[in-house]
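Right, one structure below, let's go through it.
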Protein chains: 4
Amino acid sequence: MASRGVNKVILVGNLGQDPETKYMPSGGAVTNISVATSDQWKDKQTGQPQERTEWHRVVFFNRIAEIAGEYLRKGSKVYIEGSLRTRKWQGQDGQDRYTTEIVCSEMQMLDSRGAGGDNNNYGQDNYNQNQNYGGNQPQGQPQAQPQQAPRQAPPQQQPQQPQQPAGGFDSFDDDIPF
Amino acid sequence: MASRGVNKVILVGNLGQDPETKYMPSGGAVTNISVATSDQWKDKQTGQPQERTEWHRVVFFNRIAEIAGEYLRKGSKVYIEGSLRTRKWQGQDGQDRYTTEIVCSEMQMLDSRGAGGDNNNYGQDNYNQNQNYGGNQPQGQPQAQPQQAPRQAPPQQQPQQPQQPAGGFDSFDDDIPF
Amino acid sequence: MASRGVNKVILVGNLGQDPETKYMPSGGAVTNISVATSDQWKDKQTGQPQERTEWHRVVFFNRIAEIAGEYLRKGSKVYIEGSLRTRKWQGQDGQDRYTTEIVCSEMQMLDSRGAGGDNNNYGQDNYNQNQNYGGNQPQGQPQAQPQQAPRQAPPQQQPQQPQQPAGGFDSFDDDIPF
Amino acid sequence: MASRGVNKVILVGNLGQDPETKYMPSGGAVTNISVATSDQWKDKQTGQPQERTEWHRVVFFNRIAEIAGEYLRKGSKVYIEGSLRTRKWQGQDGQDRYTTEIVCSEMQMLDSRGAGGDNNNYGQDNYNQNQNYGGNQPQGQPQAQPQQAPRQAPPQQQPQQPQQPAGGFDSFDDDIPF
DNA sequence: TTTT
DNA sequence: TTTT
């Protein structure tokens with residue numbers, strides 16, 4: 001039932017490594033990527049050019065996770081839109097740790113014709129999980145049914161509409177999360 | 001099937017007048033509002049404070065149009081997220097005119113407890129037409145079915161999932177559009 | 001002195017043609033580009049794929065205008081951040097017309113290694129007119145002084161910090177604005 | 001020299017507690033706030049309404065830090081625009097920890113006439129650290145010099161243009177950061 | 001007028 | 001036409 005407040009992130013950057021895709025007990029895919037953005041500036045004193053790279057952990061669920069896992073590669077340039085989520089987890093020392101991720105709701109590949117290291121000529125389509133059809137276009141039509149099946153099928157397929165497990169995301173992620 | 005490119009607008013501003021809601025032949029609602037944002041600066045020469053108000057035409061379709069028409073009022077402060085759309089229409093002189101609007105996909109009332117003229121204590125919920133359920137939350141569930149019926153029923157109701165007319169938006173808008 | 005409200009546009013799209021740069025009496029550059037984004041969807045009835053292209057008029061001022069005019073080309077993919085501005089102008093029939101543009105405050109080239117028609121290997125730097133140095137980085141340092149001079153010098157250069165003419169933007173644009 | 005990529009966060013939410021302002025050795029202010037956004041949805045199985053609150057750590061530097069510290073209060077509703085930054089710090093056990101924050105570059109108070117617990121009738125102005133003057137308005141003029149001095153002076157004032165300490169942000173923040 |  |  002909607003939300004209160006706005007929690008929105010927009011990134012344009014490059015993947016530091018290939019995506020990692022896992023599958024939830026339900027069969028739903030979960031893909032993680034790491035995206036770099038960088039700030040550059042000249043040092044005031046020395047005039048030397050400086051650079052700081054920021055790494056962003058981005059997570060995709062379900063259909064968009066399959067697409068991300070399939071088409072993105074190390075070096076790919078992407079547009080990411082999503083929301084911030086901070087997860088709590090237990091370190092091996094039993095202490096609480098927190099990890100902040102961007103849960104991606106919309107992704108778009110920005111490489112002209114395959115960039116990264118690999119030769120991926122999947123075009124520059126984008127894949128909206130929650131598509132907004134404005135104006136004259138048909139509205140309210142959910143995007144849940146993938147029209148194009150991803151090339152690699154998930155290990156143990158289940159129903160068409162993968163859902164989150166009752167136990168939540170963490171239930172299959174019993175490891176240090178990054 | 002998604003989109004190519006990104007076309008996103010984010011506004012926070014106040015309504016200049018009450019919303020106007022019409023209904024399409026299909027029964028779907030269309031609400032228009034006018035939102036003001038302003039820039040302020042000091043004149044470089046004179047040091048005099050300057051202000052320029054920008055008026056934005058925002059249009060809502062279907063369920064979110066009903067909500068906007070119901071809860072927003074002149075003076076209401078809103079958060080609007082949407083996309084730009086430029087419509088072509090015919091002036092009375094037969095010449096082409098163009099109007100650029102923001103097609104709203106997400107709206108949020110920002111008044112603490114009802115603002116505008118009316119006493120509307122509907123809280124500060126927001127209403128996403130295309131809700132993004134990240135993380136552990138259920139996904140893929142369309143928001144098409146209004147849980148709360150709008151106060152004023154549309155003139156001639158039709159199916160539950162109102163659609164755009166075959167002839168497009170303009171077919172019922174035979175007037176100067178603003 | 002800041003602003004009231006939020007007026008923000010984010011675009012990712014391709015230029016439909018080469019940029020057009022003019023110079024204001026003050027010497028400041030003004031560059032216009034046209035950016036395409038598109039929505040794609042399947043017709044509900046026929047199942048036929050549909051596409052609608054949206055064209056956005058984007059205008060740059062001063063230094064960022066020089067950069068845009070220099071490095072962007074027809075076909076270039078760009079990230080644009082800016083604000084909406086609707087300008088009123090007089091049609092040849094003496095009637096008022098309105099044109100809505102995005103005034104660009106931040107631009108980023110998204111082509112891997114030069115795109116458009118030309119061979120421009122200027123990398124994928126971005127050019128912020130109003131740079132935000134967060135964290136440990138130096139703040140408050142204006143980006144007004146171009147480090148790299150644009151290739152084509154403006155016709156009649158003036159002071160280092162080009163300003164808007166007293167008469168405003170329109171004073172040198174006495175024609176139909178698009 | 002700008003940045004490569006886009007790293008942008010937009011939040012609208014309420015402060016969970018009063019802001020905390022510290023001063024860097026240089027005299028520059030640093031203010032931290034905690035902002036809540038929430039997602040609401042109905043459980044698919046039970047139909048029970050669910051809610052998850054997300055807390056965001058937001059940090060302000062220099063002039064905007066003074067304004068945030070001065071005008072925001074517990075409960076205040078704010079619009080925040082900024083960028084993500086993940087900081088590494090040492091836990092008391094000597095292990096590395098990471099904290100992700102939003103470095104705010106633009107803030108806007110959204111309460112009609114003072115909200116939080118306190119009576120703050122400072123209006124709903126916004127304060128841009130990096131103001132974008134589009135169109136006819138003067139450009140390139142940095143916003144570094146505060147026109148209105150904050151009510152509470154920093155402990156040991158220094159030059160007009162507060163800078164980051166040589167040792168960086170962490171040099172005065174020798175504690176667990178949250 | 002771009003792009004796929 | 002709003003808002004401050």
Side-chain angles (χ1 to χ4, degrees), chain A residues 71 79 108-114 120-127 148, chain B residues 1-7 11-20 32-40 49-58 72-78 80 86 110-112 115-117 178, chain C residues 1-7 11-20 32-40 49-58 72-78 80 86 110-112 115-117 178, chain D residues 71 79 108-114 120-127 148:
Chain A
Y71 295 112
Y79 169 89
Q108 188 150 152
M109 296 176 63
L110 297 175
D111 298 303
S112 306
R113 67 203 70 215
N120 59 324
N121 60 346
Y122 309 123
Q124 37 202 127
D125 306 304
N126 99 313
Y127 305 90
Q148 323 152 248
Chain B
M1 246 210 274
S3 68
R4 194 149 42 225
V6 173
N7 174 357
L11 301 177
V12 174
N14 298 281
L15 275 72
Q17 46 196 167
D18 285 349
E20 289 176 12
N32 284 278
I33 63 171
S34 192
V35 173
T37 59
S38 71
D39 287 301
Q40 300 172 303
Q50 309 284 318
E51 176 160 349
R52 174 178 153 86
T53 295
E54 192 70 40
W55 288 99
H56 308 272
R57 296 176 47 80
V58 179
L72 297 178
R73 286 293 169 269
K74 178 178 177 174
S76 297
K77 189 190 285 291
V78 279
I80 296 287
T86 296
L110 296 175
D111 298 302
S112 306
F178 71 110
Chain C
M1 242 208 275
S3 69
R4 195 150 40 226
V6 173
N7 174 0
L11 300 178
V12 175
N14 298 281
L15 274 73
Q17 45 198 170
D18 285 350
E20 289 175 12
N32 283 278
I33 63 171
S34 192
V35 174
T37 59
S38 71
D39 287 300
Q40 299 172 303
Q50 310 284 318
E51 175 161 349
R52 173 179 154 83
T53 295
E54 191 70 39
W55 287 99
H56 308 272
R57 295 176 48 79
V58 178
L72 297 178
R73 285 294 169 269
K74 177 176 175 176
S76 297
K77 188 189 285 290
V78 279
I80 295 288
T86 296
L110 297 175
D111 298 302
S112 305
F178 71 110
Chain D
Y71 295 113
Y79 169 89
Q108 188 149 152
M109 297 176 62
L110 297 175
D111 299 303
S112 306
R113 68 203 71 214
N120 59 325
N121 59 345
Y122 310 123
Q124 37 201 127
D125 306 303
N126 99 314
Y127 305 90
Q148 323 151 248

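Excluded from the calculations below are hydrogen atoms, water molecules and symmetry mates; all remaining heavy atoms, backbone and side chain alike, are included. Protein chains get the first letters and strands the later ones, always in sequence-line order, with residue 1 at the start of each.
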All salt bridge (charged side-chain N to carboxylate O under 4.0 Å, His left out) counterparts of B:E51, not counting sequence neighbours:
C:R4
Just wondering, do B:W55 and F:dT1 stack (centres under 5.5 Å, planes under 30°)?
yes
Separation of atom [atom1] in [X] from atom [atom2] in [N], rounded to whole Å:
{"X": "B:D111", "N": "F:dT3", "atom1": "CG", "atom2": "P", "value": "10 Å"}
{"X": "B:L15", "N": "F:dT3", "atom1": "CG", "atom2": "P", "value": "10 Å"}
{"X": "C:D18", "N": "E:dT2", "atom1": "CG", "atom2": "C1'", "value": "11 Å"}
{"X": "D:Y79", "N": "F:dT3", "atom1": "OH", "atom2": "C1'", "value": "17 Å"}
{"X": "C:E51", "N": "E:dT1", "atom1": "CD", "atom2": "C1'", "value": "14 Å"}
{"X": "C:Q17", "N": "E:dT1", "atom1": "CD", "atom2": "P", "value": "9 Å"}
{"X": "B:I80", "N": "F:dT3", "atom1": "CD1", "atom2": "P", "value": "16 Å"}
{"X": "C:E54", "N": "E:dT2", "atom1": "CD", "atom2": "C1'", "value": "13 Å"}

Is the base of F:dT3 touched by the side chain of B:S38 through a donor-acceptor pair closer than 3.5 angstrom?
no
Name all residues meeting the side-chain hydrogen bond (donor to acceptor under 3.5 Å, both in side chains) criterion together with B:T86; count only those two or more places apart in sequence or in a different chain, and write none if there are none.
B:T100
For C:H56 and C:S34, does a side-chain donor sit closer than 3.5 Å to a side-chain acceptor?
no
Which is true for B:T53 with a 4.0 Å heavy-atom rule: it touches a base, it touches only sugar-phosphate, or it touches nothing?
base
Please name the residue in the list C:D39, C:L11, C:T37 that meets the side chain to side chain contact (heavy atoms under 4.5 Å, CB included) test with C:E54.
C:T37
